[in-house]
Structure formats: structure tokens, C-alpha cells
S.K.: 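The structure follows.
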There are 2 protein chains.
Amino acid sequence: MAEGFSSKQARQIVGITDRQLGYWRRTELVCPSERTDGGHARYTFQDLIALTTAKRLIDAGVSVQRIRKNIAALTALLPTLDRPLSEVSLMATGDVVLVFHGGMAFEALSGQEWIFPVAELQRQVEAVRGDAPEQGELFAGWDMQQQADTTDRDGDDPLAVAS
Amino acid sequence: MAEGFSSKQARQIVGITDRQLGYWRRTELVCPSERTDGGHARYTFQDLIALTTAKRLIDAGVSVQRIRKNIAALTALLPTLDRPLSEVSLMATGDVVLVFHGGMAFEALSGQEWIFPVAELQRQVEAVRGDAPEQGELFAGWDMQQQADTTDRDGDDPLAVAS
DNA sequence: AACGGACAAACTATATCGCTTTTGTCCCTA
DNA sequence: TAGGGACAAAAGCGATATAGTTTGTCCGTT
């Protein structure tokens, strides 16, 4: 039984209130995967990830209601997923949640695909004329890790996303 | 005067209607940077980029009104920008426009930065325990380059933009 | 061809209202 | 300490009505 994390531990680690943890459990947003013999909650590692993801989305301005809808939409869209909040990569603010999966980015709710390319656009216009675009790197490698630079080059960088 | 592109050329290259080009000019969404002696419009190369960006945003489901607001917000947020539509990297669908600039992603309208990263999250939780997450790649390498083009994919595309 | 004007249809945005969800506080039981 | 219940403030949502934009079509001028 030393397996999971207690409610207290969970909420301290994740940074949410007692009330939230409880409500989320009762309403099945995130439930503890295990129980003590006495029936008390025990959150697994994966549960913590789910909790943290929820917390993050909330901090990003996504309402709990919206999170629920996104989960529903996601499980419908990607049936293989069992627990979206802990199995998928999300990115969000306010009322949009983007999902990164299988090399694509799309909106969970609508399933509408997002992103991409700039290069094409440039070429398209260039084709009309012999005009030369300034530099070569259209997509500045947008690396989460080393997102140091870019700040130097003023203005524009095209770009893309991430991983 | 052989400088820029005529209205007709511009709208053919960009793929918008006569009416749109005119309206956008009159309402200052995108104006020709130059004029013929006779006072007729001459769109520069950069103008075409701006036009194309606008077109792309529209195709991605962003309304013209929203584009205007985003431009306003962007120039307020990044005063160095003169013409957001042709100087910045955008990505969008429906009602959200994401701006990539200086290694960050944020919503133009609100200025709110986008959240992301799951990896970090994983580490955070892992730190609490020695537990090992299943795989390595959370964000499947999302590489623009190798994501073939999308032009072939049928008609309406979600999409995104840039520049 | 480029542009403008008038008019109408299609589309977007904004504000509002009633309803539901979420969270906090306080208290109780095991 | 974990968890439940009751209650209320706060936040969020969906539908709707109203006002404002954008675009197409038709016509006229330069």
C-alpha cells in the first residue's frame, strides 16, 4: 500500500486545493487509480501527471468545463487514448487547446488541424518574380530547449512549433 | 513605374477577388505601398506577402475583423513591427492567432503567452519520485520540413500562416 | 482595367440573461 | 487526516437579439 500518493501529497505536489482534488475526483475529471484498504485515495504517478496537466490548463485560462469537453473530444478522436490528460501533449490558452500527436497539431474540440508552413508562401510569391527573400532559414528551429536566440534577430522569424 | 504589381496581378497571385482587394485597401487592411503616376495602385513584394498572409488567415477561419484586431494588438505589443502581416510568424485557426516571436508563442490579442510543455511537467513529477515515464518523446518531433506539403491535401484547410 | 457607389445577403461581434459548474468556507463523522 | 454535506459567491456557458462588417452583383466613370 505504499504504492501511491495520498490526497495530501498529491495536492501539495500538484498545487491545488483540497476542495479541487475532491471535486475533480467526485466528478471524474481525475480519479485516483488506486485505493487503500480503508478506501482512501491513492494517486499513482500517472494520476499526478494528469492532475498537473489539468492544473496547468487552468492556469493557462482554460476552464474546467472546457477541459472536460476536450477530454471527451480527444478520447472520441483518438480512441486508443485512455487518459488524454496524461498521455498527450497539450498547449493552450484561454479557450483553445491544441494537441500534438502523431506529428501534427490540432484542436482537440473540433479536430481541426492547425499549423504549418511558411516557406511555401514565400516561394509562391517568389515564383512570380525573381525577387529574393532575405535569409535562408525560414523556420528557425523552434526548440523548446534552446530557445535562446531569436531575440537577437529583430523582427521576423517565421517558424513553427514544437515538440 | 514597372516597380510593383498591378491590382489585377496582385489579386491573381494572391487569389482574392477584386472586391476584396479594393475593400482591404480602402479600409487599410493592406494598402499598396506605391502608386502609378496616374494614381493607380502598385503592390510591392512585401504587400503581396501581407495579402497572402491575410488570405491564409481567412482560409484558416479567422475573420477579417479579427485580423484587424490582431494587427492592432501586435503593433501595440511589438512597436518595432511596422507591418505584422508581413513581418511576423503567425499560426492560426478559427478564433485564435498565435504569434511566434523571440522564441515564444503568444496570442496576439491578449498577449497571453501560451503554455506548453509537458516534458517539463514530466520532470517535475519525476523529481518527486524515481519513477520513470514510459517513453522519451513526448512531443513527437514536430518538424516542419518533413511534414510534406499540405497543398495536395484537399481543399479547405485549417492552417496556419506565417511569414 | 481600375475604381467607386448603391444595395442586399451573408457573416461576425457584442451584450445580456438565465442556468450550470466550480470553488471556498464552515461543520460533521470516521 | 480523509472525506462528505450544505450553502453561497464566483466563474463560465449557451442561446438570443442587436449592431456592425465584409463581400457579391450590377452599374457608371475615367
Side-chain angles (χ1 to χ4, degrees), chain A residues 1 4-32 34-43 47 51 54-55 57-73 92-97 109-110, chain B residues 1-2 4-32 34-43 47 51 54-55 57-73 92-97 109-110 156:
Chain A
M1 265 318 132
F5 298 86
S6 69
S7 291
K8 188 179 182 185
Q9 287 178 307
R11 74 180 195 246
Q12 287 180 335
I13 292 173
V14 177
I16 55 179
T17 69
D18 173 355
R19 210 74 183 66
Q20 287 177 302
L21 188 61
Y23 186 63
W24 294 1
R25 172 167 39 72
R26 271 177 279 118
T27 56
E28 304 192 327
L29 181 67
V30 180
C31 305
E34 301 175 359
R35 295 271 170 185
T36 61
D37 292 337
H40 279 185
R42 277 299 171 273
Y43 289 88
D47 292 337
L51 287 171
K55 169 64 156 60
L57 289 174
I58 288 173
D59 289 346
V62 182
S63 73
V64 176
Q65 295 180 69
R66 201 174 286 278
I67 294 177
R68 289 184 202 283
K69 282 190 199 156
N70 275 279
I71 292 177
T93 51
D95 33 43
V96 179
V97 176
L109 277 181
S110 61
Chain B
M1 266 314 135
F5 298 86
S6 69
S7 291
K8 188 180 183 185
Q9 288 179 307
R11 74 180 196 248
Q12 287 180 334
I13 292 173
V14 177
I16 55 179
T17 68
D18 175 357
R19 212 73 184 65
Q20 287 177 303
L21 188 62
Y23 185 62
W24 295 1
R25 172 167 40 71
R26 273 177 279 118
T27 57
E28 304 193 328
L29 181 68
V30 179
C31 305
E34 301 175 357
R35 296 269 169 186
T36 61
D37 292 339
H40 279 186
R42 277 298 171 273
Y43 290 87
D47 293 336
L51 287 171
K55 169 66 157 58
L57 288 174
I58 288 172
D59 289 345
V62 182
S63 73
V64 176
Q65 295 179 71
R66 202 174 286 278
I67 294 176
R68 289 185 201 282
K69 282 191 199 156
N70 275 278
I71 292 177
T93 54
D95 32 44
V96 179
V97 176
L109 277 181
S110 61
D156 82 48

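All chains are named by letter (A, B, ...) in the order of the sequence lines, taking the proteins before the strands, and each is independently numbered beginning at 1. Just so it is clear, the structure is predicted and the values come from calculations on it, not from any experiment. Heavy-atom basis, side chains included; hydrogens, waters and symmetry copies ignored.
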S.K.: How close or far is atom P of dT21(C) from atom CD of Q20(A), stated in whole angstroms?
M.R.: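 Roughly 17 Å, once rounded to whole Å.
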S.K.: Strictly below 4.0 Å: does R66(B) bring a side-chain N or O up to OP1 or OP2 of dT12(C)?
M.R.: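 No.
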S.K.: Is there a side-chain contact between Q12(A) and F5(A) (heavy atoms, below 4.5 Å)?
M.R.: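 Not touching, per the 4.5 Å side-chain cut-off.
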S.K.: Between S63(A) and dT21(C), is there a contact of a side-chain N or O with OP1 or OP2 at under 4.0 Å?
M.R.: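 Checking dT21(C) against S63(A), no side-chain N or O comes under 4.0 Å of OP1 or OP2.
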S.K.: Taking only side-chain nitrogens and oxygens of R68(A), does any of them come within less than 4.0 Å of OP1 or OP2 of dG12(D)?
M.R.: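 Answer no for this pair, as no side-chain N or O of R68(A) is under 4.0 Å from OP1 or OP2.
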S.K.: Which one of V96(A), L109(A), L57(A), I58(A) satisfies the side chain to side chain contact (heavy atoms under 4.5 Å, CB included) criterion with R66(A)?
M.R.: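 Testing each of V96(A), L109(A), L57(A), I58(A) against R66(A), the sole residue satisfying side chain to side chain contact (heavy atoms under 4.5 Å, CB included) is L109(A).
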S.K.: Given that Q65(B) and A41(B) both sit by DNA chain C, which one's nearest nucleotide is further toward the 5' end?
M.R.: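 Here A41(B) is the residue nearer the 5' end.
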S.K.: Take the protein atom CZ of R26(B) and the nucleotide atom C1' of dG5(C), then report the distance between them rounded to whole Å.
M.R.: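 That distance rounds to 9 Å.
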S.K.: Between K69(A) and dT21(C), is there a side-chain N or O to OP1/OP2 distance below 4.0 Å?
M.R.: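 Answer no for this pair, as no side-chain N or O of K69(A) is under 4.0 Å from OP1 or OP2.
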S.K.: Rounded to whole angstroms, how far apart are CG on N70(B) and C1' on dA13(C)?
M.R.: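 Those two atoms, CG and C1', are 14 Å apart.
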S.K.: For L21(A) and S7(A), work out which heavy atoms get closest and say how close.
M.R.: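 Heavy atoms of L21(A) and S7(A) come nearest at CD2-O, 3.4 Å.
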S.K.: Name the residue closer to the 5' end of DNA chain C, choosing between Q9(B) and D18(A) according to the nucleotide with the nearest heavy atom.
M.R.: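 Nearest nucleotide further toward 5': that of Q9(B).
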S.K.: K55(B) NZ to dT23(D) P: how many Å, rounded?
M.R.: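 Between P of dT23(D) and NZ of K55(B): 12 Å.
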S.K.: Please confirm whether any donor atom in the side chain of R19(A) sits under 3.5 Å from an acceptor in the base of dT25(C), or the reverse.
M.R.: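 Answer yes: a donor N or O sits under 3.5 Å from an acceptor.
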S.K.: Out of dA2(C), dT23(C), dG3(D), which nucleotide sits closest to the side chain of V64(A)?
M.R.: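 Given the options dA2(C), dT23(C), dG3(D), the side chain of V64(A) is closest to dT23(C).
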S.K.: Return no unless some side-chain N or O of S7(A) is found under 4.0 Å from OP1 or OP2 of dG3(D).
M.R.: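 So the side chain of S7(A) is within the cut-off, an N or O lying under 4.0 Å from OP1 or OP2 of dG3(D).
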S.K.: What is the separation between atom CD1 on I67(A) and atom P on dT22(C), rounded to the nearest whole Å?
M.R.: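 Rounded to the whole Å, the gap is 10 Å.
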S.K.: Taking all non-hydrogen atoms of both residues, which atom of K55(B) and which atom of I16(B) are closest, and how far apart?
M.R.: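 Here K55(B) and I16(B) meet closest at CD-CG2, 3.6 Å.
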S.K.: Please report, rounded to the nearest Å, how far the C1' atom of dA1(C) is from the CZ atom of R42(B).
M.R.: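 That distance rounds to 10 Å.
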S.K.: dA2(D), OP1 or OP2 - any side-chain N/O from S6(A) closer than 4.0 Å?
M.R.: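 Yes, S6(A) has a side-chain N/O under 4.0 Å of OP1/OP2 on dA2(D).
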S.K.: Is the phosphate of dT23(D) approached by W24(B) (side-chain N or O, under 4.0 Å from OP1 or OP2)?
M.R.: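 Affirmative; the distance criterion is met.
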S.K.: Restricting to non-hydrogen atoms, name the atom on C31(A) and the atom on Y43(A) that form the minimum distance, rounded to 0.1 Å.
M.R.: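 For C31(A) and Y43(A), the tightest heavy-atom pair comes out as C-CE2, 4.1 Å.
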S.K.: May I ask you to say what T27(A) touches in the nucleic acid, namely base, sugar-phosphate or nothing, with a heavy-atom cut-off under 4.0 Å?
M.R.: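 Here T27(A) touches no strand at all.
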S.K.: Give the rounded distance in Å between these two atoms: CD1 of I16(B) and P of dG24(D).
M.R.: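 From I16(B) CD1 to dG24(D) P: 10 Å.
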S.K.: Kindly say if Y23(B) contacts the phosphate of dT23(D), meaning a side-chain N or O under 4.0 Å from OP1 or OP2.
M.R.: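 It does not, given that no N or O in the side chain of Y23(B) lies less than 4.0 Å from OP1 or OP2 of dT23(D).
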S.K.: How many Å lie between NE2 on H40(A) and C1' on dT1(D), as a whole number?
M.R.: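 The distance from NE2 of H40(A) to C1' of dT1(D) comes to 8 Å, rounded to the nearest Å.
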S.K.: Mind checking whether I71(B) and L29(B) have side chains closer than 4.5 Å, heavy atoms only?
M.R.: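 Yes, their side chains come closer than 4.5 Å.
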